[in-house]
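Here the structure comes first, spelled out in structure tokens, and everything after it is commentary.
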Amino acid sequence: MGRAFVYVILGGGVAAGYAALEFTRKGVSSGELCIISQESVAPYERPALSKGFLLPEDPARLPSFHTCVGANEERLTPKWYKEHGIELVLGTRVKSADVRRKTLLTATGETISYKFLIIATGARALKLEEFGVSGSDAENVCYLRDLADATRLVSVMQSSAGGNAIVIGGGYIGMECAASLVINKINATMVFPEAQCMARLFTPKIAGHYEDYYISKGVQFVKGTVLSSFEFNSEGKVTGVNLRDGSQLAADMVVVGIGIRPNTSLFEGQLTLEKGGIKVNGHMQSSNSSVYAVGDVACFPVKLFGETRRLEHVDSARKSARHAVAAIMEPSKTLEFDYLPFFYSRVFSLSWQFYGDNAGEAIHFGDFSGTTFGAYWVSKGHLVGSFLEGGTKEQYEALAKATRLKPPVDDLTELERQGLSFALTL
Ligand code: FAD
């Protein structure tokens with residue numbers, strides 16, 4: 001059996017939702033577009049899973065965070081897709097793809113063909129087993145990538161009230177989960193191999209601020225070591241973790257956030273890959289002209305840096321998805337994607353935003369013992385990145401604008417002295 005569509009989006013996450021909205025704006029006709037997703041719900045704002053979804057009181061639940069509410073746009077409920085004649089094939093995994101024949105084969109045995117394919121398969125959480133540690137299947141070991149994971153995490157948190165949680169990994173999943181655990185009155189200890197949290201982005205000074213704040217909220221840090229094995233009880237539940245430095249910590253539950261891998265396997269050997277993702281041009285078009293890739297899975301040219309990047313952040317998923325749709329529907333009117341990388345996180349009452357690239361030398365500014373502080377990154381005599389905690393909308397906008405302009409900076413001491421006003425007065 002089989003069905004044919006003009007446009008097929010493979011994957012039903014953030015990028016898929018924003019692509020669908022853009023398709024309707026560009027005038028897609030009823031019955032032309034299909035979204036196939038392994039998840040059983042319509043596209044939603046994934047970042048909510050480690051934030052509002054984990055709150056003990058009045059938690060965020062679907063349908064409240066379907067895309068595209070995260071960008072203050074319409075909320076696309078299943079009814080919206082129906083009204084727009086968009087076929088949602090949910091709870092369905094695509095198990096193989098043939099880009100030459102332009103077909104996808106689902107795990108239910110259906111062949112779906114397309115004229116244009118947008119790959120929006122995102123990424124999967126890396127498993128402990130990939131680092132030689134077994135025990136991921138234990139009922140109190142949690143990962144966090146999709147709604148099913150988040151639902152499970154909530155139930156494990158509820159049965160661990162007042163107990164101890166070990167958070168493996170010091171990236172943003174680990175940081176956001178540790179904050180949520182504490183808010184849920186579970187003691188959280190973060191374990192990671194680096195000397196500081198958020199090592200891929202934060203400078204030691206910025207990390208120090210967040211770590212002190214976390215410690216004031218009761219979170220403990222065990223740095224410079226990794227998990228080597230779990231202790232289990234007779235029912236197979238994890239009761240403790242053994243660390244490579246020889247120490248042991250008791251655990252009622254474990255949350256693992258050790259990175260992600262883009263879901264490219266369906267296309268290996270069929271499309272050109274780069275930096276672990278599907279290589280695309282400035283129209284988000286892959287090495288096969290009928291196939292586009294967006295979101296976490298795409299490796300695209302970042303004009304501002306003159307190199308290709310694969311970004312794992314929600315703003316990039318939203319904007320790359322829209323760009324691909326514009327390029328498909330209005331190719332002659334669509335310019336090359338010109339994206340300013342942007343990431344953010346919110347934990348406890350803290351909130352930060354980052355623009356650009358954290359390359360070169362970091363220049364800190366503001367009051368690190370107060371609520372508003374930040375940093376600029378200067379590389380080859382130009383400002384290339386900026387970070388701000390606790391800013392106002394105007395301040396964040398000024399930072400974004402300044403970073404995009406890449407102004408020359410010849411006096412780092414002067415930049416440090418001017419701080420935020422450097423961006424505000426550009
Ligand atoms: P996804 O949203 O992951 O969607 C991929 C979809 O494809 C999924 O539905 C998946 O099931 C489906 N799929 C994959 N393979 C198949 C297949 N073979 N067949 C069918 N379906 C398939 N970014 C930020 O900038 N700030 C944040 O604060 C932030 N918080 C986050 C919190 C959490 C808990 C997580 C997990 C991510 C967070 N992110 C954040 C990252 C952001 O959510 C991602 O960058 C974004 O979701 C990427 O969108 P995507 O559409 O490319 O992939």
Side-chain angles (χ1 to χ4, degrees), residues 8-20 34-54 60 65 67-68 70-71 88-97 104-108 110 112 117-126 142-150 153 169 171-177 179-180 198 201 255-257 259-267 277-278 284 292-300 310-322 324 341-347 350-355:
V8 171
I9 302 173
L10 169 53
V14 171
Y18 283 78
C34 163
I35 297 178
I36 312 172
S37 179
Q38 202 168 309
E39 290 189 79
S40 57
V41 291
Y44 58 87
E45 302 285 356
R46 198 164 303 282
L49 298 181
S50 54
K51 303 176 183 67
F53 196 89
L54 302 182
F65 60 96
T67 54
C68 301
L88 274 183
V89 182
L90 300 178
T92 304
R93 185 173 62 85
V94 167
K95 65 172 194 184
S96 67
L104 303 173
L105 177 64
T106 71
T108 52
E110 188 181 12
I112 295 182
L117 174 67
I118 298 183
I119 303 171
T121 44
R124 65 175 179 83
L126 282 173
C142 302
Y143 288 82
L144 184 53
R145 181 69 203 182
D146 60 19
L147 185 66
D149 294 338
L153 176 56
Y172 72 91
I173 293 286
M175 291 295 278
E176 293 189 4
C177 287
S180 297
M198 297 289 294
L201 179 64
V255 182
V256 185
I260 60 172
R261 272 287 170 284
N263 292 317
T264 55
S265 60
L266 293 173
F267 301 96
I278 295 169
M284 313 311 291
Y292 292 69
V294 296
D296 284 5
V297 81
C299 179
F300 63 88
R310 201 181 55 69
L311 301 175
E312 300 170 350
H313 298 282
V314 73
D315 182 67
S316 153
R318 292 170 181 154
K319 291 185 177 145
S320 62
R322 288 183 160 162
F342 162 59
F343 328 140
Y344 71 91
S345 180
R346 290 192 304 269
V347 282
L350 303 174
S351 171
W352 58 259
Q353 300 197 3
F354 171 83
Y355 298 92

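When a ligand or atom number is given, it counts from 1 through the structure's own listing order. Values below: every heavy atom of this structure, side chains too, minus hydrogens, waters and symmetry copies.
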Would you call [X] a ligand 1 contact, heavy-atom distance under 4.0 Å?
| X | value |
| --- | --- |
| Leu10 | yes |
| Lys51 | yes |
| Thr106 | no |
| Ile173 | yes |
| Asp146 | no |
| Phe342 | no |

I need the nearest protein heavy-atom contact for [atom]: residue, atom name and distance, please.
| atom | result |
| --- | --- |
| atom 18 (N) of ligand 1 | Val94 O, 3.1 Å |
| atom 32 (C) of ligand 1 | Ser50 OG, 3.1 Å |
| atom 1 (P) of ligand 1 | Arg46 NE, 3.3 Å |
| atom 4 (O) of ligand 1 | Gly13 CA, 3.2 Å |
| atom 21 (N) of ligand 1 | Gln38 N, 3.0 Å |
| atom 25 (O) of ligand 1 | Val314 N, 3.1 Å |
| atom 26 (N) of ligand 1 | Tyr344 O, 3.2 Å |
| atom 41 (C) of ligand 1 | Tyr172 OH, 3.2 Å |

What atoms in ligand 1 come closer than 4.0 Å to a heavy atom of [X]?
| X | result |
| --- | --- |
| Ala317 | 48 (C), 49 (O) |
| Gly295 | 52 (O) |
| Glu312 | 41 (C), 45 (O) |
| Leu144 | 34 (C), 36 (C) |
| Thr121 | 5 (C), 7 (O), 14 (C), 15 (N), 16 (C) |
| Leu266 | 18 (N) |
| Asn263 | 14 (C) |

For a side-chain contact (heavy atoms from CB on, under 4.5 Å) with Ile36, tell me which candidate from Leu88, Ile9, Leu90, Val94 qualifies. Val94
For Glu39, is at least one N or O under 3.5 Å away from an N or O on ligand 1? yes
The test is side-chain contact (heavy atoms from CB on, under 4.5 Å); show your working for Val89 and Thr106 and say whether it passes. CA-CA 10 Å; Val89 182; Thr106 71; 5.5 Å; no
Does the pair Arg322 and Met284 meet the rule for a side-chain contact (heavy atoms from CB on, under 4.5 Å), with working shown? CA-CA 10 Å; Arg322 288 183 160 162; Met284 313 311 291; over 6 Å; no
Ligand 1 versus Glu176: contacting region, heavy-atom distance under 4.0 Å: side chain
Using only atom types and a distance under 3.5 Å, with no angle test, would you say the side chain of Thr121 pairs donor to acceptor with the backbone of Asn263?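 Yes, Thr121 side chain to Asn263 backbone: donor-acceptor pair under 3.5 Å.
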Judged by atom type as modelled, is there a donor-acceptor pair below 3.5 Å linking the side chain of Ser316 to the main-chain atoms of Val314?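 Not at all, since once roles are kept as given, no pair shorter than 3.5 Å links the two residues.
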Using the ring centroid of each side chain, check whether His313 and Tyr172 are separated by less than 6.0 Å. yes
Between side-chain atoms of residues 292-299 and protein atoms elsewhere (two or more places apart, or another chain), which donor-acceptor pairs fall under 3.5 Å?
{"from": "Tyr292", "atom 1": "OH", "to": "Gln285", "atom 2": "NE2", "distance (Å)": "3.4"}
{"from": "Asp296", "atom 1": "OD2", "to": "Arg145", "atom 2": "NH2", "distance (Å)": "3.0"}

Does Tyr355 have any ring-ring contact (aromatic ring centres under 6.0 Å, His included) partners at least two apart in sequence or in another chain, and if so, which?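 Result, ring-ring contact (aromatic ring centres under 6.0 Å, His included) vs Tyr355: Phe342.
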